[in-house]
Structures are given as structure tokens and as C-alpha cells.
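Below is one structure; the comments refer to it alone.
All ligand and atom numbering here is 1-based and tracks the order in the structure.
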Amino acid sequence: MAHAKKRTGSDNMEFRSDEGGRMPINLSLSYSHGFGAFTPFFDALMQGRILGSRCPVCDEVRFPPRMRCPTHHIETNMTELTGYGRLLSWTTGPIRLPQAKDTTPLTFGLVQLDGAINSTLVRIDADETQLITGALLRLQRLKENSGLPHPIQALIFQPV
Ligand SMILES: [Zn+2]
């Protein structure tokens, strides 16, 4: 009586480990990322508007928004900023943004947003040789179908 060869999982293995016992494995995860209380902030950003947080006690405005005032530990309210800011300093270097395939030279700058008490790091879309300290910047309008992997990547400023 003939027996069919018993198949094992290793019969169909396309990968082989190297001499060190390592095997390249690519993982891809797909999940739904909820923005929670920051949903208005990201929605506004995708519409070209900047929302910060305002403390109802001290009236201080911060960007990005904080859910609670760091001084009074009380819930803040969202408040719209002008979308303008002043460039404090900047740097340019090769960056691979999250979910991007390629590394490209990008400029990031420390910006004092109009109406906020703090400065924040944002991406700057400009020829860095044309930038000067104190330059007036404005939030850049998104192009149609920009296909950003995350709305925070819409936080790009350009010189006015
Ligand atoms: Zn406060």
C-alpha cells in the first residue's frame, strides 16, 4: 500500500533564514486611530485653521492645544489662532517622515505663533537660504487630495 508523502509547512517555505538564523519579515498593521478630544484640532488643521487651547482662569493660549492648563490643572477651551507666526530658528536636514518611502531634505523651524504664549516646532516650506530670524510665516493651505497619512503633517508654514 502506497502512502502519499506527508506535507509539512516547511515544504512550501519561500524564505530561508541566513547563517545567523535571521529571516527578514515585513509587518503591516492597519488600525483605526481615534483623535478623541483633539478631533476639532485635526479637523481645523485639515481646513487650514489653527486651534490652540485657552485656560478659562489665566487666559493663556498654547499651541498645540493642551487639554488642561499646566498651571491651573483645569480643562481648557479650544480657541482659533490667526495662523501667523514669527520664525525664531530653523534647521534643514534629510528626513523621512512617518509612512514616507523616501528621505528628503526638509526644513523645520521653531515658531512663535501669533496669540500663543509658547513657541512650537513646525515644518517650513521655503528655501532655507531665504529665511531670516523674525520672518512672518503663515500656515500653508493644503493642496486638494494631498493624501497625508496623518493630519499633523498639514502643519506646514511658509513665508508671507
Ligand atoms: Zn491657567
Side-chain angles (χ1 to χ4, degrees), residues 20 22-160:
R22 293 174 301 242
M23 181 182 296
I25 298 173
N26 292 315
L27 298 177
S28 178
L29 301 174
S30 183
Y31 60 94
S32 182
H33 176 57
F35 297 129
F38 288 96
T39 300
F41 165 71
F42 287 118
D43 286 348
L45 195 54
M46 294 302 289
Q47 297 164 7
R49 300 182 302 119
I50 295 276
L51 295 183
S53 59
R54 179 185 302 278
C55 172
V57 175
C58 64
D59 217 32
E60 289 183 345
V61 174
R62 288 179 170 80
F63 180 87
R66 272 71 162 171
M67 292 297 102
R68 292 186 172 273
C69 174
T71 304
H72 299 99
H73 312 291
I74 188 171
E75 270 191 47
T76 61
N77 301 308
M78 291 280 185
T79 187
E80 185 158 354
L81 302 179
T82 64
Y84 289 89
R86 294 281 177 185
L87 184 61
L88 302 176
S89 62
W90 64 94
T91 186
T92 299
I95 303 283
R96 189 170 73 86
L97 293 174
Q99 300 184 33
K101 291 180 180 170
D102 301 316
T103 297
T104 55
L106 296 175
T107 299
F108 286 84
L110 190 62
V111 172
Q112 178 66 56
L113 288 182
D114 184 25
I117 65 159
N118 63 304
S119 56
T120 192
L121 188 70
V122 300
R123 190 171 145 200
I124 310 288
D125 181 19
D127 175 358
E128 72 161 338
T129 63
Q130 303 296 313
L131 293 175
I132 57 170
T133 301
L136 182 63
L137 306 175
R138 182 180 60 196
L139 182 67
Q140 181 174 292
R141 289 268 174 207
L142 276 182
K143 297 174 181 78
E144 291 285 326
N145 301 320
S146 55
L148 296 176
H150 192 284
I152 197 64
Q153 291 188 17
L155 192 60
I156 304 172
F157 282 73
Q158 61 187 161
V160 174

* Asked: If only atom types and distance count, is the side chain of R86 paired as donor or acceptor with the main-chain N or O of T133 below 3.5 Å?
  -> no
* Side-chain (R96) to main-chain (A100) donor-acceptor, under 3.5 angstrom -> yes
* the Zn ion (ligand 1): protein N, O or S atoms that are less than 2.8 Å away, sorted by chain -> C55 SG, C58 SG, C69 SG, H72 ND1
* Asked: So, T104 versus D102: side-chain donor-acceptor pair below 3.5 Å or not?
  -> no
* Compute the ring centroids of F35 and H150, then answer whether they are less than 6.0 Å apart. => yes
* Decide, yes or no, whether a salt bridge links R54 with E60 under the criterion of side-chain N to carboxylate O below 4.0 Å. => no
Under 3.5 Å, side-chain donor or acceptor atoms of residues 107-115 against the rest of the protein: list the pairs with distances, not counting sequence neighbours.
from	atom 1	to	atom 2	distance (Å)
T107	OG1	T92	OG1	2.5
Q112	NE2	A116	O	2.7
Q112	NE2	N118	O	3.2
D114	OD2	T82	OG1	3.0

